[in-house]
Each structure stands twice: as structure tokens, then as C-alpha cells.
Amino acid sequence: MEIEEISKIEILENGEMFVLLASGGKPMYQYIYREAAEVYWDNEANGFKAPVSRKWTHTDWYKQIVSVAASGLGITLKLSNSTAWVNVPEQTKTEICTV
């Protein structure tokens with residue numbers, strides 16, 4: 001499995017979650033939508049996005065993104081010491097880091 005480093009995790013004001021990749025990703029990542037798991041690739045942001053949380057927490061959505069990227073695209077998403085955290089509550093950051 002190919003490893004992709006996560007450069008930034010951001011929660012937008014509207015509640016959407018973005019997981020941005022250091023590499024900028026690959027065009028094939030757009031096909032993640034085929035997994036029908038509500039995870040999408042954003043070509044402009046170079047990252048995966050999850051919808052506004054309804055019943056799931058942002059930690060749950062992060063797990064979903066990581067899982068679907070692995071099963072649908074064959075890539076492993078990895079946090080690094082340089083991963084930037086934008087508008088992510090400390091509790092959520094702690095939970096994500098322990099995934």
C-alpha cells in the first residue's frame with residue numbers, strides 16, 4: 001500500500017472536514033466517491049473531505065476517510081509531526097492522534 005502524508009486537517013466553519021495531503025494527491029483519488037461512503041476528493045484543495053457532521057463526530061469522519069482511502073484506493077493516510085491542525089478542537093485532535 002502506498003503511504004500518503006497528511007499535511008493538514010481542517011474543520012471548516014460549515015462543519016465539513018478536510019484531510020489535505022502533502023503530495024497534492026493523484027487524479028485517481030477522485031474515484032473515492034465510488035465507495036459510496038460520503039467521502040470525496042476535492043481537486044482544488046488537494047484533499048479528502050467529509051460532509052457536515054450529523055450523527056458522527058469529526059473523529060468518526062476521520063476514521064471513515066482513512067478506512068475508505070485504504071479499501072477503495074489502496075493508500076494509507078499518515079499523520080506526521082508537521083501536520084497542521086486548523087479549527088480542530090484539542091479533544092478531537094487527541095482522539096484522531098490515537099486512531
Side-chain angles (χ1 to χ4, degrees):
M1 235 187 257
E2 186 175 342
I3 295 174
E4 285 278 10
E5 183 180 315
I6 297 170
S7 64
K8 178 168 69 171
I9 295 179
E10 180 174 6
I11 298 174
L12 303 178
E13 287 183 24
N14 68 1
E16 287 182 316
M17 178 182 224
F18 273 93
V19 175
L20 306 173
L21 304 181
S23 71
K26 295 180 180 177
M28 68 165 282
Y29 292 174
Q30 69 182 317
Y31 299 114
I32 197 165
Y33 78 89
R34 293 179 177 170
E35 299 299 305
E38 293 189 79
V39 174
Y40 301 94
W41 176 255
D42 186 307
N43 282 320
E44 292 178 22
N46 296 323
F48 297 103
K49 70 178 184 175
V52 176
S53 293
R54 293 180 299 272
K55 293 181 181 178
W56 282 10
T57 66
H58 285 106
T59 303
D60 293 332
W61 277 114
Y62 174 79
K63 291 177 189 176
Q64 178 79 343
I65 291 169
V66 169
S67 174
V68 173
S71 65
L73 300 175
I75 60 174
T76 300
L77 302 181
K78 292 283 187 185
L79 295 170
S80 74
N81 291 334
S82 62
T83 299
W85 301 83
V86 179
N87 297 325
V88 179
E90 198 59 40
Q91 176 66 30
T92 303
K93 179 179 175 181
T94 300
E95 291 170 357
I96 287 173
C97 287
T98 61
V99 169

Is the shortest heavy-atom distance from the side chain of [X] to the side chain of [Y] under 4.5 Å?
X: P51; Y: M17; result: no
X: I96; Y: L79; result: yes
X: M28; Y: L73; result: yes
X: V86; Y: K8; result: yes
X: Y40; Y: I65; result: no
X: L21; Y: N46; result: no

Roughly how far, to the nearest 0.5 Å, is the [atom2] atom of [Y] from the [atom1] atom of [X]?
X: Y62; Y: E95; atom1: OH; atom2: CD; value: 13.0 Å
X: R54; Y: W61; atom1: CZ; atom2: CH2; value: 6.0 Å
X: D42; Y: E44; atom1: CG; atom2: CD; value: 6.0 Å
X: M1; Y: L77; atom1: CE; atom2: CG; value: 10.0 Å

Quiz item: Among E90, E10, K93, which one satisfies side-chain contact (heavy atoms from CB on, under 4.5 Å) with W85?
Solution: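 The side-chain contact (heavy atoms from CB on, under 4.5 Å) with W85 is passed solely by K93 among E90, E10, K93.
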Membership question, hydrophobic clusters at under 4.5 Å side-chain separation (ILVMFWY): are [Y] and [X] in the same one?
X: Y31; Y: F48; answer: yes
X: Y33; Y: W56; answer: yes
X: I75; Y: I3; answer: no

Quick one: does any side-chain atom of [X] pair with a main-chain N or O of [Y] as donor and acceptor, under 3.5 Å?
X: Q30; Y: P27; answer: yes
X: S71; Y: S67; answer: yes
X: Q64; Y: A37; answer: yes
X: T83; Y: I6; answer: yes
X: S7; Y: L20; answer: yes

Nearest non-hydrogen partners of [X] and [Y], listed with the distance:
X: T76; Y: K78; value: CG2-CE, 3.5 Å
X: T92; Y: H58; value: CG2-CB, 4.0 Å
X: G25; Y: W41; value: CA-CH2, 3.7 Å

Self-check item: Verdict with reasoning, E4 to Y29, per side-chain hydrogen bond (donor to acceptor under 3.5 Å, both in side chains)
Solution: CA-CA 12 Å; E4 285 278 10; Y29 292 174; 2.6 Å; yes
Self-check item: Audit row: I32, V68, side chain to side chain contact (heavy atoms under 4.5 Å, CB included) steps and yes/no
Solution: CA-CA 7 Å; I32 197 165; V68 173; 3.5 Å; yes
Quiz item: Would you call E38 and K49 a salt bridge, using N to O less than 4.0 angstrom?
Solution: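 No salt bridge links E38 with K49.
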